[in-house]
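Below is one structure, written out as structure tokens; the observations come after it.
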Amino acid sequence: MPELPEVETVRRGLAPAMEGAEIVRLELRRGDLRFPFPLEFAASVAGRRVVSLSRRAKYLLIDLDNGMTVIAHLGMSGSFRIEADIAAVTPGDFHHPRSKNEAHDHVIFHLTRNGEQSRIVYNDPRRFGFMDIVVRSEMASHPFFRDLGPEPTGNALSAPDLAKRFAGKAQPLKSALLDQKMIAGLGNIYVCEALWRAHLSPLRASGTLVTKTGKPREKLVLLVASIREVIADAIAAGGSSLRDHIQTDGSLGYFQHSFSVYDQEGAACRTPGCGGTVGRIVQAGRSTFYCATCQK
DNA sequence: CCTTGAACCTGGGCGC
DNA sequence: TGCGCCCAGGTTCAAG
């Protein structure tokens, strides 16, 4: 499920339940997800207090009071849910349908705070997600983070900076933007949506957005603005919910109702006056949705 | 260096 | 109902 807006939504959902709480026990219900859990993972976490939750790219970061940070990546199908005792319900309760795939509850954080117990459950049917724990001061040099590009939120991402990365590249915009070294946190949905907003073809060579002297062309400035806007809009909507619930309380994000091109093959292009039709092609083994009429 | 394709997994949807 | 095939929000690694 998760690109940057979905992970940010998870972070915001978990923060009130986790920050300040003590992790009494970390329950690992199998030895691995995509990778084996690190040695001493459960022991390093047990008895620690959660200082804060943050995010870098698509990684959720759980800062502990011993100077270590738990890193969680949700892969394609990972999700967290909160189970508070006060909200404990009968299995099958209408408002809290018991997930039929409890078999995929792989990691459980058992928490306590002010005498109240709760659990944070990580579920991941496909197990493309993974968790690790690192010393916080060494995190920036960790292989997961070392090569990441700027965040598309805030001011970290700029057109001149992206121009440097794009200069001379024949790589199509679609795959360049999916590359986490270019910009951190974009995935298939938001790359398609940003390119549509900027009226740029996903097939276009990224180097064509840069002048001979290495300056961003007008189109690149527009692309950067489009990326920022689509990410901000998606976060405001609580992310996109496709096959899974993404919010920690079981509710759905609703940005999927705002898709202009993603998963919209055959639909009329929503660009005013365009009249084109949304098409689907495959690039680097992944679906790209775009309007060939207005995206050049 | 670059690009493509396969691999890692499970489940949902669709056509027959 | 059932089976087989295709597809899916990500990332990595091998091969050409």
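Remember, predicted model here, so these are calculated numbers, not experimental data. Values below: all heavy atoms of this structure, side chains included; hydrogens, waters and symmetry mates excluded.
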Out of B:dT3, C:dT11, C:dA8, whichever nucleotide has its closest atom nearest the side chain of A:R280 = C:dA8
Please state whether the phosphate of C:dT11, meaning OP1 or OP2, lies under 4.0 angstrom from any side-chain nitrogen or oxygen of A:Q180.
-> yes
Measure the distance from CD on A:Q283 to P on B:dT4 and round it to the nearest whole Å.
-> 8 Å
Touch class at under 4.0 angstrom, heavy-atom based, for A:G285 against every strand present | nothing
Can you tell me how far the CD atom of A:E8 sits from the CG atom of A:L53, to the nearest 0.5 Å?
-> 10.0 Å
Starting at atom CG of A:L242, determine the distance to atom P of C:dA8, rounded to an integer number of angstrom.
-> 11 Å
Consider the side chain of A:I189, meaning its heavy atoms from C-beta on, and name the nucleotide among C:dG9, B:dC2, B:dG11 that approaches it most closely.
-> C:dG9
Distance test, side-chain N/O of A:K58 to OP1/OP2 of C:dT11, below 4.0 Å = yes
Could you check which of C:dG10, B:dC2, B:dG11 has an atom nearest any side-chain atom of A:E3?
-> C:dG10
If you look at every strand shown and take non-hydrogen atoms under 4.0 Å, does A:S175 touch a base, only sugar-phosphate, or nothing?
-> nothing
Rounded to the nearest angstrom, tell me the gap between atom CG in A:L33 and atom C1' in B:dC9.
-> 11 Å
Interatomic distance at C1', B:dT3 relative to C:dG9, whole Å | 23 Å
Using a 4.0 Å heavy-atom cut-off across all strands, classify A:Y262 as base, sugar-phosphate, or nothing.
-> sugar-phosphate
Determine which nucleotide pairs with C:dG9, using a 3.5 Å limit on both distances of a Watson-Crick or G-U wobble pair.
-> none
Side chains of A:F128 and A:S77: does their closest heavy-atom pair fall under 4.5 Å?
-> no
note: A:L148, atom CG; C:dG10, atom P; distance rounded to Å ~ 14 Å
Are A:R280 and A:S287 linked by a side-chain donor-acceptor pair shorter than 3.5 Å?
-> yes
Listed nucleotide nearest any side-chain atom of A:S240, set B:dC8, C:dG9, B:dT3 = C:dG9
same_hphob_cluster(A:V121, A:I71) at 4.5 Å side-chain heavy-atom cutoff | no
Step through the shown structure and confirm whether more than 12 heavy atoms of other residues, nucleotides or ligands are within 6.0 Å of CG on A:D147.
-> yes
Looking only at atom P, what distance separates B:dC9 and C:dC13, rounded to whole Å?
-> 15 Å
Rounded to the Å, how far apart are A:H106 NE2 and B:dT10 C1'?
-> 10 Å
Rounded interatomic separation in angstrom, taking CG from A:D263 and C1' from C:dC7 = 10 Å
Once you round to the nearest 0.5 Å, how far does NE2 of A:H73 lie from NZ of A:K58?
-> 6.0 Å
Considering every strand shown, what is the Watson-Crick or G-U wobble mate of B:dC2 when both distances are under 3.5 Å?
-> C:dG16
In whole angstroms, how far is the P atom of B:dC2 from the CZ atom of A:F166?
-> 13 Å
Has A:F128 got its ring stacked on the base of C:dT11, with centres under 5.5 Å and planes less than 30° apart?
-> no
Within the pair A:R286 and C:dG9, is there a side-chain N or O less than 4.0 Å away from OP1 or OP2?
-> yes
Check: C:dA8 base within 3.5 Å donor-acceptor of A:R126 side chain = yes
Distance test, side-chain N/O of A:H73 to OP1/OP2 of C:dG10, below 4.0 Å = no
Are A:E27 and A:R25 within salt-bridge range, i.e. N to O under 4.0 Å?
-> yes
Looking only at N and O atoms, is any donor in the side chain of A:R127 or the base of B:dC9 less than 3.5 Å from an acceptor on the other one?
-> no
Between CG of A:L178 and P of C:dG9 the distance, given in whole Å, is 10 Å
So, is A:H104 close to the B:dC9 phosphate, meaning a side-chain N or O under 4.0 Å from OP1 or OP2?
-> no
